[in-house]
Number of protein chains: 2
Amino acid sequence: MLLSTKGDYGVRAMIDLAKHEGEGPVQRAEIARRRQIPEAYLDHLLAQLRRDGFIRSTRGPAGGHQLAKTPDEICLLHLLESLEGSLAPMQCLENDDPQEEAICGQDWVWQEIYDDMRAKLASVSLADLVEHEREHERERATAARYVI
Amino acid sequence: MLLSTKGDYGVRAMIDLAKHEGEGPVQRAEIARRRQIPEAYLDHLLAQLRRDGFIRSTRGPAGGHQLAKTPDEICLLHLLESLEGSLAPMQCLENDDPQEEAICGQDWVWQEIYDDMRAKLASVSLADLVEHEREHERERATAARYVI
DNA sequence: GGTATTCTCGACCATTCGAGTCAACATTGT
DNA sequence: ACAATGTTGACTCGAATGGTCGAGAATACC
Ligand code: FES
Ligand code: FES
């Protein structure tokens with residue numbers, strides 16, 4: 001498994017924040033409920049996202065979390081790298097730790113896959129994710145109408 | 001990390017076998033030495049590869065392991081899936097375990113990445129890996145000649 | 001038949017990582 | 001003052017990783 005729950009949950013949370021942009025701070029509890037994330041665990045993810053400047057948090061009553069940038073300025077690659085640390089599919093690609101070629105001989109394949117993956121992740125913004133989700137909702141709504 | 005040492009070591013071993021195809025059985029100890037794999041650990045990987053029909057093994061003096069198919073009939077995808085079990089980058093892609101779309105909303109990105117990855121892995125055969133390695137060796141030999 | 005060589009299989013083990021939980025504390029609106 | 005909310009670090013518990021080990025089985029060779 002390349003991604004742990006951190007990446008998944010963290011992105012879910014960011015999608016939620018993006019969806020409620022401009023409505024003031026969103027509380028931890030709300031995010032956790034809507035996105036099915038253990039509340040106490042979500043804390044750590046939000047902390048990480050704050051450290052890396054993706055969100056701002058305010059304490060006290062009516063406090064909560066909100067995006068620190070606009071959704072189209074945030075790409076999936078940076079988000080996930082913040083949450084997961086590194087997305088390298090193999091140890092040896094983590095930094096540049098080139099093995100003796102004679103010993104392994106498959107690094108090049110994984111380097112290509114890694115590059116493609118990063119490119120794709122970099123091309124998807126939080127705004128895209130929200131847009132996709134909204135579209136999905138519309139589809140479901142239409143389908144429901146047909147059933148009725 | 002998507003791949004554990006199993007995948008890496010296992011593929012290394014297969015490359016080694018492919019490189020010495022037609023020279024009779026290759027011993028565990030030789031593979032382990034050349035490819036820097038703990039000998040006792042390699043056992044388990046070879047066992048798995050045998051179970052899935054990639055290699056044949058013979059016991060007794062002058063025994064060892066050899067490919068059960070030609071190198072161009074073996075692709076990286078099948079190899080790694082045998083060694084690692086599943087290459088799904090996220091839990092939810094492991095089978096078809098579709099989450100409520102409203103909860104997560106990013107599955108589609110990873111589905112695309114997963115598909116691309118599998119396609120690429122399926123397109124690389126053991127023969128390709130050996131060819132790449134040989135080419136690398138030739139380059140190094142040429143470079144060495146210049147130094148002299 | 002005996003012995004050396006090699007693979008085979010399962011049990012065992014240590015360490016790390018994943019996924020949380022919890023409690024104490026800081027901040028702020030009313 | 002007090003209640004709501006976020007912040008932090010310590011802690012836990014189970015699973016996965018990355019091995020090791022030893023008994024046994026097959027086989028070539030003398
Ligand atoms: S050491 Fe990098 S792929 Fe094997
Ligand atoms: S549940 Fe599949 S990506 Fe979040």
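Residue numbers start from 1 in every chain, and the chains themselves are labelled A, B, ... in the order their sequence lines are given, proteins ahead of strands. Fair warning: this is a prediction, and the values are worked out from it, not measured in the lab.
Residues from residues 43-51 of chain B lying near DNA chain C, meaning a heavy-atom separation below 4.0 Å, are B/D43, B/H44, B/R50 in numerical order. Residues from residues 52-66 of chain A lying near DNA chain C, meaning a heavy-atom separation below 4.0 Å, are A/R59, A/G60, A/P61 in numerical order. Remark: nothing in residues 76-85 of chain A comes within less than 4.0 Å of DNA chain D through any heavy atom.
For the salt bridge (charged side-chain N to carboxylate O under 4.0 Å, His left out) condition, the pairs that include at least one residue of residues 79-93 of chain B, sequence neighbours left out, are B/E81-B/R118. Counting only residues at least two apart or in different chains, salt bridge (charged side-chain N to carboxylate O under 4.0 Å, His left out) contacts with residues 52-64 of chain B are absent. Counting only residues at least two apart or in different chains, salt bridge (charged side-chain N to carboxylate O under 4.0 Å, His left out) contacts with residues 25-34 of chain B comprise B/D16-B/R34, B/R28-B/E39, B/R28-B/D43, B/E30-B/R34.
Not counting sequence neighbours, A/K69 has no partner by the salt bridge (charged side-chain N to carboxylate O under 4.0 Å, His left out) test. Legend: residues meeting salt bridge (charged side-chain N to carboxylate O under 4.0 Å, His left out) with B/K19, ordered by chain and number and at least two apart, are B/E133, B/E137. The ring-ring contact (aromatic ring centres under 6.0 Å, His included) check on A/H132 picks up B/W108, with sequence neighbours excluded. With sequence neighbours left out, A/E139 forms a salt bridge (charged side-chain N to carboxylate O under 4.0 Å, His left out) with no residue at all. Partners of A/R51 by salt bridge (charged side-chain N to carboxylate O under 4.0 Å, His left out), not counting sequence neighbours: none found.
In this structure, the CD atom of A/E39 is 12 Å from the C1' atom of C/dT21, given to the nearest Å. To the nearest angstrom, P of C/dG20 lies 11 Å from CD of B/Q91. The nearest whole Å value for the distance from the NZ atom in A/K6 to the C1' atom in C/dC17 is 9 Å. Atom CD in B/Q27 sits roughly 12 Å away from atom P in C/dT8 (whole-Å rounding).
B/E112 places no side-chain N or O within donor-acceptor distance of the main-chain N or O of B/V109, the cut-off being under 3.5 Å. No donor-acceptor pair under 3.5 Å is formed between the side chain of A/Q111 and the backbone N or O of A/L93. Side chain of A/R35 to main chain of B/I103: a donor-acceptor pair is present (N/O by atom type, distance under 3.5 Å, no hydrogens or angles).
Mapping heavy-atom proximity under 4.0 Å, the span of DNA chain D touched by chain B runs 5' to 3' from D/dG18 to D/dA28.
Contact annotation: A/Y41 side-chain N/O to C/dC22 OP1/OP2 distance is not under 4.0 Å.
Here CZ of A/F54 is found 12.5 Å from CG of A/L17. Values are rounded to the nearest 0.5 Å.
The pair A/D116-A/K120 fails the salt-bridge criterion, with no side-chain N (NZ, NE, NH1 or NH2) lying under 4.0 Å from an Asp/Glu carboxylate O.
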